[in-house]
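Since the structure comes first, as C-alpha cells, the remarks are kept for the end.
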Amino acid sequence: MAREISTVGVVGLGTMGAGIAEVLARSGLYVVAVELDEAGVERGLGHLRHSTERALAGGKLDEAGREALLGRIRATTSLADLSEVDLVIEAIPENLAAKAEVFTQLDQVTRPDVVFASNTSSLSITEIGVHTARPGKVVGMHFFNPAPVLKLVEVVRTVVTEPDVVSDVVEFAQRLGKSPVVMGDRAGFIANALLFGYLNHAVRMYEQRYATREDLDAAMRFGCGYPMGPLALLDLIGLDTAYEILDTMYHQSRNRLHAPAPLLKQMITAGQLGRKSGHGFYAYDAPDSPVVVDSVASSEVDSSTAREVRSVGVIGTGTMATGIAEVFAKRGFDVVLRARSTEKAQASVAKVKKSLDKAVVKGKLSEEDAAAALARIRPVTEFEELAEVDLVVEAVAEELSVKQAVFSALDEVVRPGAVLATTTSSLPVIECAAATSRPGDVVGLHFFNPAPVMKLVEVVSTIATAPDVTATATAVCAAVGKHPVQCGDRAGFIVNALLFPYLNDAVKMLEAHYASADDIDTAMKVGCGLPMGPFELLDVVGLDVSLAIERTLFNEFREEGFAPAPLLEHLVTAGRLGRKTGKGFKDY
C-alpha cells in the first residue's frame, strides 16, 4: 500500500529548497522547512514571499490562496522538528560531506519508515544513503529550477533502494503535478548527463575558435529548434555550477568528453560566471539581467566583397535539391535545375509546384507569386546548361565519389568566377573542391531539411575557400531569408557535431538499462525544453543516417566517446531504421 504523506520536511531554504516547499504547499501538504540559522530562515521566507507575490501578480494565485499556501509552511532551525514528518527532501548546497552529515542526523530524529530524498543534481545517492541506517529508503528526487514552474522530477534509485519506495515517490511526484522519470544512480542522472556533455563540447568549439559564440548559439536554435543556444544556456546556469557538474561527471565516468573545457576554469577564475555576475560568454547590462550588451550580428563578413549572384544552378532531384530550388525561385533568382533525365527533371518541377501550391493553400504565398516562382525554374539534363550561372548548389547523394564526379564536370563547363557549393552534411568540402581546378571558388552551403521551412544554413569554408566566396555565400543566404552561420570544414560542422554525440550518449544510456527510452525522451523534453526527445529524433532522422554521421565523426576525431553505440549498430543491421521502416527505437 502506498505511503500516506501529508507532512514533508524540507532541509535547506535556498532558491531550490524554497521552490520545493512552495510546490508542496501548493498541493495542500504541510511543510516543515529547516535552515542553518535565523538569517537563513528569513532569506528562505523572503524567496517564498517574492515567488508567491509574482504568482499573485500573474493571476496564478489569489490573495486567500497565497495566505493559505504560506500558512502551510513552518520554518525552523532545528532538524529535531522533523520528528513527525512523513517524507524528507534535502536541498542544501552540492557538498557530499554536508549532505552526509544531514542524513546521519535525520536518521536519528525521524521515524524508521520515513523516506529520505536528496535534490542533488550530480552527487551519488548511494554515497549519501550509506550514512543512514536505512539506505533502502533513500532516493534522489531532483527537481529542476524554478521548481514551481518546471515539471520534470528525476527519481533516482540506487542498487539497494526498495522497489516500493521508488513507486511511492513516483506517485508522490505525480500528486505534485510533476512528470517523474526513473533512473539509476549515475553522475548527472538523465538530463544533466546528456545536456552537459553537449554544452562542454560547444565550449570546446568556441575555445578552438571553430565558430563564434553567436553562430554556435544560432546554429542550435535554428538548426534544432532548441530554446537557447549552448553558450547562452551556460551563462544562465552559471559557469561555476556547470564546472562542478562536469567535474563530478568526469570523476565518475572518466569520459574525456565530460572533462570540463579549460576555458570554463579560466572564465570562473576571472569572475565571469554568466548572468549572475553580469559577464560570461556574453556581457549583460547588470548582474542577474538577461539583457546582452555586447552581442554582434551573426556571421559578420565584408559583404562589399561578395560576387553578384542573379542566377543559380541546382543539381539533384531529391527533397533537398527541390527544396533549395524553391527557396531561390521564391526570392526572385533564376534557377536552372539539372537532373539526370527528362523524366526526373519534370518530376522535380512537379514536386516544387506541389510545395508552392501547399503554401498558397496555407495563405503563405499568393497564387501570382507561386506562378512567378515556378516560371523561374528551368529544368535541364546537361551540365552545359549551367555554363552561365553565378552560383551552383550541388545536392546529390551523400557519396563522395558521386559528388566529386559532379564537381569535376562543373569545373569543365561553369564560367570562371562562379561559386560552386555543396550541401553535404558530413563529407569534407575540401574533397569536393579538390576535384576542380578552382578550389578557392568552392564552399559548403549546408541547408537543413525541409529547406523552404528551416532557417539555418551552415556556410562551410575550407582552407582554400577565397574570402569573397565566403562573403558571397553568406550574402546569398541572407538574400533568401536564411540565417547563415560560419564554420570550418570538419566532420559534422556545427549542428551535427554537437547533436549526434548527444544522441549517441542517449543510446548508450538505454543500452546500459539505466533508464527507459520513454523516460529519457521525457527528461529532455520536459527538463530541457527540447522539441523532441533523443529517441523520437533518431527515429525521425533514420537510424542508418544517424549511424553514418556518427561513424564519420568518430573517424574524423578518433574520440572514444564518439564511437557509435553497439545498440545502434545492431538495430540498423536488423533493419529497424526508424519511422521510415515502421520500427526503430519505438514501433509505429
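When reading the values below, keep in mind they use all heavy atoms of this one structure, side chains included, and skip hydrogens, waters and symmetry mates. The first residue in the sequence is number 1, and the count goes up from there.
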[X] and [Y] ion-paired at < 4.0 Å:
{"X": "K137", "Y": "D107", "answer": "no"}
{"X": "E559", "Y": "R256", "answer": "yes"}
{"X": "D521", "Y": "K586", "answer": "yes"}
{"X": "R3", "Y": "E171", "answer": "no"}
{"X": "K99", "Y": "E90", "answer": "yes"}
{"X": "E22", "Y": "R26", "answer": "yes"}
{"X": "D294", "Y": "R213", "answer": "yes"}
{"X": "R43", "Y": "E35", "answer": "no"}
{"X": "R254", "Y": "E560", "answer": "no"}
{"X": "K583", "Y": "D539", "answer": "no"}

Can you measure from [atom1] ([X]) to [atom2] ([Y]) and round to the nearest 0.5 angstrom?
{"X": "E550", "Y": "L499", "atom1": "CD", "atom2": "CG", "result": "9.0 Å"}
{"X": "F585", "Y": "L571", "atom1": "CZ", "atom2": "CG", "result": "5.0 Å"}
{"X": "T158", "Y": "D185", "atom1": "OG1", "atom2": "CG", "result": "6.5 Å"}
{"X": "L195", "Y": "L530", "atom1": "CG", "atom2": "CG", "result": "7.5 Å"}
{"X": "M454", "Y": "F448", "atom1": "CE", "atom2": "CZ", "result": "7.0 Å"}
{"X": "L498", "Y": "Y226", "atom1": "CG", "atom2": "OH", "result": "8.5 Å"}

Can you give me the closest heavy-atom contact between [X] and [Y], atom names plus distance?
{"X": "G280", "Y": "Y284", "answer": "N-CE1, 4.4 Å"}
{"X": "Y514", "Y": "I190", "answer": "OH-N, 4.1 Å"}
{"X": "S118", "Y": "I125", "answer": "CB-CD1, 4.1 Å"}
{"X": "V541", "Y": "S546", "answer": "CG1-OG, 3.5 Å"}

(message) When you compare the side chain of Y243 with that of D240, does any pair of heavy atoms fall below 4.5 Å?
(response) no
(request) Please say which of V31, D81, V34 ends up in a side-chain contact (heavy atoms from CB on, under 4.5 Å) with R74. (result) D81
(message) Is it the case that the ring center of Y198 lies less than 6.0 angstrom away from the ring center of F500?
(response) no
(request) Would you please indicate if the ring centroids of F103 and H131 are separated by under 6.0 Å? (result) no
(request) Please indicate whether R111 has more than 12 foreign heavy atoms, meaning atoms of other residues, nucleotides or ligands, lying under 6.0 Å from its CZ. (result) yes
(message) Is a donor from one side chain sitting under 3.5 angstrom from an acceptor on the other, for N200 and Y250?
(response) no
(request) Please check if any side-chain donor atom of T110 sits under 3.5 Å from a side-chain acceptor atom of R134, or the reverse. (result) yes
